[in-house]
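In what follows, a structure is listed as structure tokens, so that the remarks can point back to it.
Excluded from the calculations below are hydrogen atoms, water molecules and symmetry mates; all remaining heavy atoms, backbone and side chain alike, are included. Chain naming here is simple, since letters A, B, ... match the order of the sequence lines and numbering starts at 1 in each.
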Amino acid sequence: MFELRLEQGSLLKKVMEAIKDLVNDANFDCSATGFSMQAMDSSHVALVALLLRSEGFEHYRCDRNISMGINLANMAKILKCAGNDDIVTVKADDGTDSVTFMFESPTQDKISDFELKLMDIDSEHLGIPEAEYDAIVRMPSAEFARICKDLSSIGDTVVISVTKEGVKFSTRGDIGTANIVCRQNTSVDKPEEATIIEMKEMVSLTFALRYMNSFAKATPLASQVTISLSSDLPVVVEYKIAEMGYIRFYLAPKIEE
Amino acid sequence: DIFQDALETYFDSK
């Protein structure tokens, strides 16, 4: 049997909103470690990896490892029915082909349950080694989202360049060009407003803005985003999820033409 | 996308 209970049910809603447009179907793996998922988009250039550690839940029981194949659009439909303050319980019995979502209002005066059919999904799992990155940028997630949105009105791709000067986001399109430079800024009153740049090597990579805008849908999950760049690796865009885990997006860089 | 490598180019399948 598998069962988890999360008092902050809105967190699961935000996770689904962050990934449902990128991935259609995914296997959610439940183990003693926690609730995790790895899936690629249909073109195999972007990957999302989610981890919610077991200790972050108010209740977590996993008698044996199970993998639940879920259509994310359908799961998002169900989670939309949960109130933002609702307590969410997810339950699956061994050997059944469905998962149950239960939503309890904080005052316990409304209790709903939804059963979602599971699917057989033949998903490919990639081994992602820990890597040393040439540059790691931490910045306010809302700022990153704003930059991606603004640049996508000018061009289709973004060049992210990290130098001693800061991190530069550039694009070009039919109407012209745009460059946005963010400098390191650690002197802010609130740590969530800081921009911190760790650079070992200068790096400059080009990515499709369409994907960056999709990743930015995770913005409500975290006040800061971490962008890890190396010249020979996919970029990692990471949003930490409270004390529980993370959602990481990997995106292959544009090939030099 | 025509201009991007697949992720399998960088990461091995498990």
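In this structure, A:Ala46 and B:Leu7 approach most closely via the heavy-atom pair C-CD1, 3.4 Å.
Sparse packing is recorded around CG of A:Asp156, with 12 or fewer heavy atoms of other residues, nucleotides or ligands lying under 6.0 Å away. Within 6.0 Å of CE on A:Met1 lie more than 12 heavy atoms contributed by other residues, nucleotides or ligands. Heavy-atom neighbours of A:Lys200 NZ from other residues, nucleotides or ligands within 6.0 Å: above the threshold of 12.
Listed by sequence position, A:Glu124, A:His125, A:Leu126, A:Gly127, A:Ile128, A:Pro129 are the residues of residues 120-147 of chain A in contact with chain B, using a 4.5 angstrom heavy-atom cutoff.
Annotation: A:Tyr250 is not in aromatic contact with B:Tyr10 [ring centroid separation under 6.0 Å not met].
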